[in-house]
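Being a predicted model, the structure only gives us computed values, none of them experimental. Side-chain atoms are counted along with the backbone in the values below, which use heavy atoms only and exclude waters and symmetry mates. Atoms within a ligand are numbered from 1 in the order they appear, just like the ligands themselves.
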Amino acid sequence: MITLLIYSLLLCILGVGAAVAYFFLSITKYAGPPAGSPDGDVSVQVLVLGDIGRSPRMTYHALSIAKHGGKVKLIGYLETSPHPDVVNNPNITIIPLPNPPRRPPSIPFLLFAPFKVLYQTLHLTRLLTHTLAPSQWLLVQNPPSIPTLAIAGLACRLRNTKFIIDWHNYGWTILAGTRGRAHPLVALSKLYECFLGRLGDLHLTVTHAMARQLRNPPYSIAQPMLAVHDRPAAIFQPLSPSNPSARAEILARVIPDSARDLLPSLVAGTTRLLVSSTSWTPDEDFSLLLDALVSYASSPTTTPILAIITGKGPQQAHYLSQIAALASSGRLPPSRVRIETAFLPFADYAALLAAADLGVCLHMSSSGVDLPMKVVDMFGAGLPVAAFEGYESFGELVKEGVNGRGFKTAGELVEVLGRLFGEGGGEELEGLRRGAVMEGGRRWDEEWHSKVGMVLGVR
Ligand SMILES: *[C@@H]1O[C@H](CO)[C@@H](O)[C@H](O)[C@H]1NC(C)=O
C-alpha cells in the first residue's frame, strides 16, 4: 500500500517535472529577423490588457510601427471595434484575448480577483511563450499591471525579446482612488509595480514629470526612459480659415435639439459655447464647473453660455438631477446659462470641439503626473481650454496664457469665464485659440518616430 502511494507520488512529481521541463525546452527564442528580409524586419508585439478600440495610445504605437515598416501583433480585448486603420493595415495582426470571466454579484471582489488573474495568467503565458512566434520587442501598456508586467517580463527573459513598458499611469494610484488608500491590495500592487517595473529594457512615459518620478524611489528605474507626449488623432482638426461658413454648418449639425433656439446667437457669438467632456467619476469634480456656472449666471452683465457636457459615467444621473433642480429653482436661469448633455459620434464630437469657444477640463490626475487626453484632442481641434491645474505635469500640456488658463477653485474658473467671455475678452480668447492651434499642430507620428522609432530601428 505504502509503496503504491510512494510510486504514484513519484509519478506525479515526474509528470509535473516533465511538464515544466517541456514548457521551458519548447520555448523558441528570438534570433534576429528572418533571413532574406531586406531591411531587417522589426517585429513588435503590442500588448494591452484592455479593449483595443478604447486604447488610443497603443493604437497609435501600432500604427506608427506599421507605417515605418515594422510588423505588429496587437494583443488585447475586442469589445468595441478597433480603429479602421488598424483593421485594414497589412502590417498589423490583431490577436484577440478571450474575455475574462465575469464576477457574479454574489461573490466578493477579493475572492474572485485571484481566480480572474489566474485565468489571465495562464492564457497570456501560453500566448506570449508559445502561441506567438518570438518577436524582437514586446511593448506593454501599464496599467493594468496585473498580471501583464510579470508575464511579459518573464516571457521577454525566456525568449530573448526586448521589453518596453509604456507608462500611462500607475495601477496602484488608480486602485487607491477606487478602493481607498488603506485597502490591502493597494500596498501589494504598489510593491508589484515598483519591483516588476524594473524589468523593462526601455520605458516610455506620458510626461517628463512621470519619467522623473520613475527614476526615483520607490520605482528607482535605471534603464533608458523616453517621455512621449500624447498627440491628437487626425480626426481632430481646427476650422479651416478658407471656409468661413464651416462653423455655422457644424453648429447646425451637432447642437442638441433642446438647444436649437440658441443657434442664431451661437453663430453670431452673442451666446458662448463651452464644451466639457467628463467621465462623471469621483476623480473629476463636476461640482467645480456647476458651482462656477451658477455663480457666473448670477451676474446679469455676462454673456450667456451654452455648456455642452459629453460623456457617460457613474455620477451622471446624480448631477443631472442637481442641474434640473438648479434650473427650476432659478439659480441657473436658462437665459444666462444652459447646460445640455450629449453623447455624440466621434466625428461630431471632433467637429463640436472645433466650433466651440472654450473647453473645460476637470481632470485631477490620481498620480499627479499624467495628462488628460481630452485636452490633447481639444488642442487638435484648435480649442483653447480652462483646466484644473492642481497637479505636477499640468504645465507640460497647458501653457498658462498661451493655449489656456488654469484654475483650482470654482471662484477662479468664474473669473476666467467672466474675463474671456466679457467685454474685451475676445482678444485674449483669440490669442489662446492661436496657441491651441499651434500646440495641436504637432501630431503623434513625428514625435513617435524621432524618439521611439529611432530606438526600435524602424525606417
Ligand atoms: C507596411 O510595411 C511596408 C514595408 O514593409 C510599408 O512600405 C508600408 O507602407 C506599410 N503599410 C502601412 C499601411 O503602414
Quiz prompt | Heavy atom of protein inside 4.0 Å of atom 7 (O) of ligand 1, strictly below | solution = no

Exercise. Please identify which atoms of ligand 1 are closer than 4.0 Å to at least one heavy atom of Lys71.
Key: 5 (O)

Quiz item: What do we get for His68 next to ligand 1 when only non-hydrogen atoms under 4.0 Å count, side chain, backbone, both or neither?
Solution: neither

Practice problem: Using distance alone, determine whether Pro90 and ligand 1 share an N or O pair under 3.5 Å. | Solution: no

Quiz item: Quick one: does Met364's side chain get under 4.5 Å of Glu284's, heavy atoms only?
Solution: no

Quiz item: Only one of His229, His61, His449 forms a ring pair (Phe, Tyr, Trp, His ring centres under 6.0 Å) with Trp444, so which one is it?
Solution: His61

Practice problem: Run the numbers for me: atoms of ligand 1, each under 4.0 Å from some heavy atom of Lys67, listed by number. | Solution: 14 (O)

Self-check item: Salt-bridge contact Glu439-Arg442 (side-chain N to carboxylate O under 4.0 Å)
Solution: yes

Quiz item: Which atoms from ligand 1 have a heavy atom of Arg459 less than 4.0 Å away?
Solution: 4 (C), 5 (O)

Practice problem: Show which atoms of ligand 1 fall inside a sub-4.0 Å distance from at least one heavy-atom site of Asn91. | Solution: 1 (C), 2 (O), 3 (C), 8 (C), 10 (C), 11 (N), 12 (C), 14 (O)

Practice problem: Taking only heavy atoms of Gly69 into account, list the atoms of ligand 1 that are under 4.0 Å away from them. | Solution: 2 (O), 4 (C), 5 (O)

Quiz item: Among all protein non-hydrogen atoms, which one is nearest to atom 14 (O) of ligand 1, and what is the separation to 0.1 Å?
Solution: Ala66 O, 3.2 Å

Quiz item: Are any of the side-chain nitrogens in Asp257 or Arg260 under 4.0 Å away from the carboxylate oxygens of its partner?
Solution: yes

Quiz prompt | Trace of the salt bridge (Lys or Arg N to Asp or Glu O under 4.0 Å) decision for Glu447 with Lys451 | solution = CA-CA 6 Å; Glu447 164 133 350; Lys451 291 181 171 171; 3.2 Å; yes

Quiz item: Which of the atoms of ligand 1 are close to Asn89, meaning less than 4.0 Å from one of its heavy atoms?
Solution: 12 (C), 13 (C), 14 (O)

Quiz item: Going through the distances and angles, do Asp230 and Tyr60 end up as a side chain to side chain contact (heavy atoms under 4.5 Å, CB included)?
Solution: CA-CA 9 Å; Asp230 281 320; Tyr60 299 149; 5.7 Å; no

Self-check item: Criterion side chain to side chain contact (heavy atoms under 4.5 Å, CB included) on Leu202 and Lys162, from CA distance to verdict
Solution: CA-CA 8 Å; Leu202 170 69; Lys162 292 257 184 273; over 6 Å; no

